[in-house]
Amino acid sequence: MTFIEKRVRPVKVMQAVLKEYEHPASGARHIHLATDDPEMVFLVAFPTVPDKDDGRAHILEHLALCGSRRYPVRDPFFSMLRRSTATYMNAMTYPDRTVYPFASTSEADFFNLLGVYLDAAFFPQLEYLDFLQEGWRHTLENGKLGYGGVVFNEMKGAFADPMRALAQGMDAVLFAGTTYAVESGGDPLAIPSLTHDDLKQFHASHYHPSQAVFMTAGAVDPAAVQRVIAEHVLDKLSGQAPRMMPELAPQWDAPRSSTIRIPSPTARDDEYGMQLAWLAGESADPMAYYRAQLLEAGLVGDASAPLLHAMETAGYGRPSAFNGMDPSHRQLVFHLGMEGLTREQTEEARALIWRTLEKTAQTGVPHAVLQAALRDLRFSQREIQGGQLPYGMRKLLQALPFEMAGGDIMTAFDSEATLAKLEQDIRHPEFFKSMVRELLAAPTRLTVTVEPDARYFEARNAVEEERLAQHASAMDEREAQRIAAEAEALLARQRQPVNNDLLPRIRPQDVSPLPRPLHDLPEDSGRLLGLRIASNGISYGRVVYDVSAFDEAEWPWLDLYAELLPDLGVGAMNFAEAASWRKQLAPSFSVDLDAQESLKADAPALRINLAFSSRNVREEQEAIAQVLSKSIREARFDESERIAFLIDQIAENQLQDLADQGDQYAAIAAELPYSLRRRFQDAVDGAGALRFYSALSRQIESDDGLQAICERLSALHQRVLAAPVRIIGAGVGEDGAHLARLIDVPGADPDSAPTPPQRERGAPASVALTAPAQVNHCFASWAVPRLGHEDAPVLSVLANLMTNQVLHQALREEGGAYGGTARYAAHSGVFTMLSYRDPRLAGTYEDFARAVAWVVEAPLEREHIEEAIIGVIGELDKPRSPHHEALQAWQLREAGVTQAMREQFRRGVLECTELQLKAVAMRHLQNAQPSRAAFAGNAAQDLAGLEVVDLMALAGQAA
């Protein structure tokens, strides 16, 4: 029996049609969002509701991609990454569901992947050795018992995020007795309790057609997809079971309180926090969902909102990163809280929040605030968003929880009926007040005291070591032999040549020899640039100042300027009034500082852009011009207390995120000797930024120091306004050109921009950046030719080849790191090998060296080279949103990337040979000393000769 069409409904706001199908025999559902988007999207999702912290749903997601009945090859997922031109491939475990999505612009490739994904999800092999590799295993190194496994190490890295610890701690209380109370990704202290049989039983109970939701989007025929689903799955699996659904949290009779400890590198006296969390309605209820959105906008939506304003002007602490609505579970959670407190201030902060809520329950908020919130919700449904996720995929993933929780999935795509009802509700002054009163009276309220713990990782390590010691003392020779035999068998499997002949693939001759056409730009018309885009009625304004001529010492000041300006006053308006004014005019306003290396000069030169951006529906694009023009012309930097508060907030966030952002610090440190862009990033996002904000934190402690900062920012603003400027409007038809003419800002003619200064490359780095954590991130970088050189396309293929044929196996499969890859930055001329969430350090650097030797010495199979070629082409051909397509074309033109260069690069990729790969590796990598930088979670390990640099010391904290 085939799928039956149940409903067809137009989604006018997206210019799409929603089609819903069901398979009567199994209960399987298929949701199709029909659009003319050439990027075809698919996903299959299952409810996964574990009741233990052992990570079974997460580990099963990994194992499902390690070989299946129809494709009994090791790691078909990673094999298809290099045999496909997919624009997106992934698998994700959420607290209550697991999703297997992909996207492609090629119909042949789409259906190739569809077959592989269906077999992986429904008929995985779930081999024991794969369980040991991807989940967890005992290891014996030099007689010492330990743990290994990809997920085990991945989650050690994930636990570095203090916000994750806080979220999970609150969920354990709010959702006690439900699947949300457990760590869905797996707690490394509990993962070793999971058995292989547990995993197989979890798959059997959860991964069945009766539980499955299939979703597609784009210009793909749903009937053709259904035929493949029927052939591969439904004709082979029978039966029907009630749909699983995560439990609702039990009702509370009275509010509760709890104390939660989170990791902190220093655990200073002012690193406490307090959090209020309320259980609200169900996420799939559109009225509950949007009411919570309005509550968030009214209370903490911007600096003028009563509660956010009270927190930011309290004179102590700062607003919590959690403030607002969390829709990620079946039930909504509403958060309000503060961080950066002393223990004594936690009660003071709670009282402040409560008083402000009580006052707001009496006074309400302006009607215009709620109107702007509804406008933003409509805007988000209409905008074609860019980013890492394909647009269609983003929409399906947002809609999936509605479908899985039994709601009306249409409301995820078009909520106009609900929004229209709320439009009527907000006209009544009592509407918002009543929502606040309900919050105050709700019994399902959790009050949390957040305590910083400098021994967080030390304590977890102690528990792990104690368990290992107990196990080792009770372990007999037979078990030791079993562990050794399993390790030997796993290594032999990992090193066994893989025959991927069963897997489909796209070959170089199957793709176009020409680059994907860029957006058609108008001729360079100087100051104004109007872009025609298919934007679904959204207009975009962008004012770009060329600040390339600013001295290197001013880079961090430019970054501070960009960070602060959107949160400060404008003209006669203070920061709160300016925030309210902007929010009522347009859904967004941002200031971004970015740099790219220009290819117009013979030697590396850096182009630095400071971009002011806003967007809105085309009917209100004049408001974009108002926001940009006034915000730029009349920015003010005299609100010293506000500036001190914002600087302190940035510095504290940097400190708390040291471990979680360790890979970023190491990547910048390794590549900055060879990359001007990385040298810039070091000043604004790397170790240089830690030093800068540490100095600023001391400077704001005195009135004179703070006044000097304000004066420097004000002077910098005047210099920005005198820099060369480009005004860019983008929209439907002539909207973009009209918008560009409306924006009125000062600035020099862009043709007057001086040539960016050229800078020499530096000496290789050799540093281990340290902060308390449980994993490492390792980087090694080489200076190589840039885009335009004949070796550039070969280097891009080489990076893909080394990733697929050496580093994935050595670093992930054998080494246990979550990721291991090589990459080539063509604009900068830097080749990098890296590992992510890695239990090793010295061994990883040895593997980097072996990877170079392998390319030079081993025979390279043509099939593997072709897979690497396809991997590069897939990256080159990824589509973007219409706005990002147009901006990319302009940015490439500004960087000096010509059509001839793009054609030469693509031709070089498609024609790449074994001899070229070996020659390039010998010429640029074999005998060159790489620049090495690692983030090391433990300074006592073998650091491979790297010099220790304490990140906490750079941030102004004692080691």
Side-chain angles (χ1 to χ4, degrees), residues 6-20 31-41 43 103 215-220 222 283-294 297 325 327 370-387 389-403 407-426 532-540 583 585-588 614-621 623-624 730-733 735-736 879-885:
K6 297 184 66 179
R7 282 194 295 188
V8 177
R9 293 180 282 180
V11 186
K12 294 180 180 179
V13 71
M14 293 178 60
Q15 301 179 39
V17 176
L18 180 66
K19 300 182 178 182
E20 300 174 68
I31 307 297
H32 177 61
L33 186 65
T35 71
D36 58 4
D37 189 344
E39 194 167 23
M40 296 169 283
V41 171
L43 67 81
M215 303 181 84
T216 49
V220 62
S283 301
D285 176 353
M287 186 58 72
Y289 180 90
Y290 288 119
R291 281 169 60 97
Q293 290 271 29
L294 289 176
M325 179 192 73
L370 303 180
Q371 276 188 315
L374 291 179
R375 177 210 60 208
D376 290 355
L377 292 170
R378 289 187 169 101
F379 176 89
S380 66
Q381 291 191 333
R382 187 163 158 182
E383 185 184 24
I384 303 174
Q385 296 173 308
L389 277 175
Y391 173 63
M393 182 71 71
R394 186 189 303 274
K395 286 297 185 181
L396 293 187
L397 289 173
Q398 290 171 349
L400 178 61
F402 286 82
E403 176 65 21
D408 183 357
I409 195 170
M410 183 67 175
T411 60
F413 300 115
D414 188 349
S415 299
E416 185 50 40
T418 304
L419 296 178
K421 171 66 168 61
L422 288 170
E423 195 86 59
Q424 298 296 319
D425 291 343
I426 65 173
R532 294 170 172 262
I533 60 173
S535 65
N536 198 24
I538 303 296
S539 292
Y540 300 85
K583 178 56 68 176
L585 283 174
S588 72
S614 183
R615 58 190 190 271
N616 207 337
V617 294
R618 64 184 305 226
E619 297 87 351
E620 300 177 31
Q621 71 171 17
I624 298 174
V732 176
D735 285 358
R880 295 168 174 81
S881 71
H883 184 224
H884 283 92
E885 289 273 7

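Basis for what follows: all heavy atoms, side chains included, without hydrogens, waters or symmetry-related copies.
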> Say you draw a straight line from NZ of K395 to CE of M215; how long is it, rounded to the nearest 0.5 Å?
Replying inline: 12.0 Å
> OH of Y391 to CG of N536: how many Å apart, nearest 0.5 Å?
Replying inline: 6.0 Å
>> Please report the interatomic distance CG(L43) to CG(L400), rounded to the nearest 0.5 Å.
In response: 6.0 Å
> Listed by chain and number, what are the side-chain contact (heavy atoms from CB on, under 4.5 Å) partners of A534, not counting sequence neighbours?
Replying inline: none
> Closest approach of E39 and D37, non-hydrogen atoms and distance?
Replying inline: N-OD1, 2.9 Å
>> Once side chain to side chain donor-acceptor pair (under 3.5 Å) is applied, do any residues pair with D285, and if so which ones, sequence neighbours excluded?
In response: none
>> Using the ring pair (Phe, Tyr, Trp, His ring centres under 6.0 Å) criterion, which residues pair with H883? Sequence neighbours excluded.
In response: Y540
> For M40, what residues pass the side-chain contact (heavy atoms from CB on, under 4.5 Å) criterion, not counting sequence neighbours?
Replying inline: E107, F110, V220
>> Between M287 and L422, does the side-chain contact (heavy atoms from CB on, under 4.5 Å) criterion hold? Intermediate values first, please.
In response: CA-CA 8 Å; M287 186 58 72; L422 288 170; 3.5 Å; yes
>> Can you tell me how far apart OG (S283) and CE (M325) are? Round to the nearest 0.5 Å.
In response: 7.5 Å
> With R291, which residues qualify under salt bridge (Lys or Arg N to Asp or Glu O under 4.0 Å), at least two apart?
Replying inline: E438
>> For D735, give me all partners under salt bridge (Lys or Arg N to Asp or Glu O under 4.0 Å), at least two apart in sequence or on another chain.
In response: R618
> Can you name the nearest heavy-atom pair linking L18 to I409, along with the distance?
Replying inline: CD2-CG2, 3.8 Å
> At what distance, to the nearest 0.5 angstrom, does OG1 of T411 lie from OH of Y289?
Replying inline: 9.5 Å
> What heavy-atom pair brings A217 and L396 nearest, and what distance separates the two atoms?
Replying inline: CB-CD1, 3.9 Å
>> Just verifying a value: how many Å separate F413 CZ and I31 CD1, rounded to the nearest 0.5 Å?
In response: 8.0 Å
>> Please enumerate all residues that pass side chain to side chain donor-acceptor pair (under 3.5 Å) together with E403, with sequence neighbours excluded.
In response: R29
> Taking all atoms of both residues into account, what is the closest heavy-atom pair of I384 and S535, and its distance?
Replying inline: CD1-C, 4.3 Å
> Can you name the nearest heavy-atom pair linking M410 to P10, along with the distance?
Replying inline: CE-O, 3.1 Å
> Residues in side chain to side chain donor-acceptor pair (under 3.5 Å) with S539, at least two apart?
Replying inline: Q621
> Taking only residues at least two apart or on different chains, which pairs with a member in residues 7-17 satisfy salt bridge (charged side-chain N to carboxylate O under 4.0 Å, His left out)?
Replying inline: R7-E20, R7-D408, R9-E20, R9-D408
> Between the side chain of E383 and the main-chain N/O of I538, is any donor-acceptor distance below 3.5 Å?
Replying inline: no
> Of all residues at least two apart in sequence or in a different chain, which pass the side-chain contact (heavy atoms from CB on, under 4.5 Å) check with A16?
Replying inline: V11, M14, L33, T35
>> For S881, give me all partners under side chain to side chain donor-acceptor pair (under 3.5 Å), at least two apart in sequence or on another chain.
In response: H884
Going by atom type alone, with no hydrogens or angles, which donor-acceptor pairs under 3.5 Å involve a side-chain atom of residues 371-380 and a protein atom two or more places apart or on another chain?
| unit_1 | atom_1 | unit_2 | atom_2 | d |
| --- | --- | --- | --- | --- |
| R375 | NH1 | K583 | O | 3.1 |
| R375 | NH1 | Q584 | O | 3.0 |
| R375 | NH2 | K583 | O | 2.6 |
| R375 | NH2 | A586 | O | 3.2 |
| D376 | OD2 | K583 | NZ | 3.3 |
| R378 | NE | E416 | OE1 | 2.9 |
| R378 | NE | E416 | OE2 | 3.4 |
| R378 | NH1 | E423 | OE1 | 2.9 |
| R378 | NH2 | E416 | OE2 | 2.9 |
| R378 | NH2 | E423 | OE1 | 3.4 |
| S380 | OG | L377 | O | 2.8 |

>> How close do R880 and E885 get, counting heavy atoms only, and between which atoms?
In response: N-OE2, 3.0 Å
